[in-house]
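Contents: one structure, followed by commentary.
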Amino acid sequence: MAGCLRAADRHDVIACARRPIERLVLEQSDTSAEFPLRALTEPADAARVDWVLLCTKTQQTPFTAPWLARLCDSSTRVAVLQNGIGHVARVTPLVGNARIVPTIVYYNGERLAADRVRLRHVADHDLAVADDADGRAFAQLLDGTPLRVFLSSDFPTLAWRKLLINAVANPITALTLQRQAVFRRDDIKALCVAILDEAVAVARADGAQLADDESLRTMSTLLTYPPEAGTSMYFDRLAGRGLEVEALTGAVVAAGQRLDIATPLNSALLAMLRAVSDAASAG
Ligand SMILES: NC(=O)c1ccc[n+]([C@@H]2O[C@H](COP(=O)([O-])OP(=O)(O)OC[C@H]3O[C@@H](n4cnc5c(N)ncnc54)[C@H](OP(=O)(O)O)[C@@H]3O)[C@@H](O)[C@H]2O)c1
């Protein structure tokens, strides 16, 4: 996001990072551009801004509290660029009266080195927000960047659709330690449809407007991804990092409990993912 905003060169962009960074190389298809980047590593050096783009993994959100406390006041907008469905609940305790703009990310952003990222457009649009005043302001913020923003009249349904993909793609690749090729196996396909059927029932009870054959449609979408592609949970497991469990499978199971829908397969996945993630975090 910082690279795309620097490419448009319409805003004063500050990266709030854990390690110093002075420049960023943004790669796209066959182009590569380098931009100087202003970065802060100490929250005490930060001051109030118009926009915050929160781009950490969901489990890292609480640790951004010192940054958010310095960056936000009641006129700040905080775009939450994270997977899952609980953007507002997750961030509200950290931002005071700032306005939260939940955002669904469709682009593929791969960090190749500390100062080098590759942007791939893998869907019709790169980001989705609600078609309201805050969502439209977010789309305007990104005018001139390579990113295409979709304004949705039914953001909760889109968020659930994205979660459905993540609720199978991430756990299955992370637990089997195999890339997307694993979804070409008939036994894994059948398991995924059963996992999705549970999640779809929860999503519908939560108000998502889904098709009768939503699980099969989700599998069809998943099978359009290249077999050699990984997922973020797969890469996090390979690197021995904690996993983004609670916002994905955890969100399905938690919503199922809240709405009284049984999710035995998702609950089994959740127990295994938590065990893997806790061992990585402890290590
Ligand atoms: N990447 C994608 O293609 C993609 C696509 C769709 C959705 N998403 C979602 O977008 C979210 C972000 O994913 P990602 O792939 O960009 O994650 P990522 O590659 O792990 O990047 C997270 C960044 O947050 C930084 N960070 C973590 N804690 C911080 C703190 N306390 N202060 C400052 N910086 C901190 C990390 O810094 P360090 O460099 O110090 O670790 C890292 O640069 C996730 O919810 C993910 O599911 C990502």
Side-chain angles (χ1 to χ4, degrees), residues 1-4 14-21 24 26-28 37 39-46 52-71 78-88 90-91 94-95 101-123 125-129 146-150 158-159 161-171 173-174 180 221-222 225-226 229-251 273 277 280-281:
M1 289 304 296
C4 291
I14 305 168
C16 299
R18 296 194 283 201
R19 282 178 281 268
I21 177 168
L24 198 55
L26 177 66
E27 291 188 5
Q28 294 183 76
L37 187 64
L40 302 177
T41 54
E42 283 298 328
D45 295 333
V52 175
L53 307 189
L54 179 61
C55 301
T56 66
K57 289 269 168 56
T58 51
Q59 70 271 22
Q60 296 166 325
T61 305
F63 305 107
T64 65
W67 286 111
L68 293 169
R70 299 284 303 182
L71 294 167
V78 181
V80 182
L81 284 81
Q82 294 177 330
N83 272 326
I85 50 171
H87 303 72
V88 174
R90 188 159 54 241
V91 177
L94 309 179
V95 299
V101 187
T103 308
I104 305 170
V105 178
Y106 294 99
Y107 64 73
N108 180 260
E110 182 182 359
R111 191 163 28 161
L112 304 170
D115 59 356
R116 179 176 286 267
V117 291
R118 179 155 197 91
L119 171 67
R120 293 184 182 89
H121 304 278
V122 294
H125 33 262
D126 298 300
L127 297 147
V129 286
L147 300 170
R148 303 150 304 168
V149 182
F150 178 67
L158 280 194
R161 282 218 164 96
K162 181 81 199 294
L163 180 55
L164 292 177
I165 292 265
N166 282 323
V168 281
N170 282 285
T173 54
Q180 306 250 358
T221 304
L222 197 55
Y225 301 154
T231 65
S232 66
M233 197 179 276
Y234 167 85
F235 290 121
D236 282 342
R237 184 169 183 204
L238 280 186
R241 293 187 288 258
L243 307 181
E244 197 169 38
V245 178
E246 301 304 329
L248 304 182
T249 302
L273 292 169
S277 186
S281 301

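Start at 1 and go down the list; that is how both ligands and their atoms are numbered.
Residues His125 and Tyr106 place their aromatic rings such that the two centres sit under 6.0 Å apart.
Pairs of residues two or more places apart, or lying in two chains, that qualify as side-chain hydrogen bond (donor to acceptor under 3.5 Å, both in side chains) and include a residue from residues 59-69 are Thr61-Gln82.
Applying the salt bridge (Lys or Arg N to Asp or Glu O under 4.0 Å) test to Arg237 and every residue at least two apart in sequence or in another chain returns nothing. Contacts of Glu110 classified as salt bridge (Lys or Arg N to Asp or Glu O under 4.0 Å), with partners at least two apart in sequence or in another chain: Arg120.
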Working for side chain to side chain contact (heavy atoms under 4.5 Å, CB included), residues Lys57 and Asp236: CA-CA 11 Å; Lys57 289 269 168 56; Asp236 282 342; 2.9 Å; yes

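The contact shell of ligand 1, taken as protein residues with any non-hydrogen atom closer than 4.0 angstrom, comprises Cys16, Arg18, Arg19, Cys55, Thr56, Lys57, Gln60, Phe63, Trp67, Leu81, Gln82, Asn83, Val105, Tyr107, Asn108, Gly109, Arg111, Lys162, Glu244.
Of the candidates Asn170, Leu248, Thr173, Asn170 is the only one forming a side-chain contact (heavy atoms from CB on, under 4.5 Å) with Ser232.
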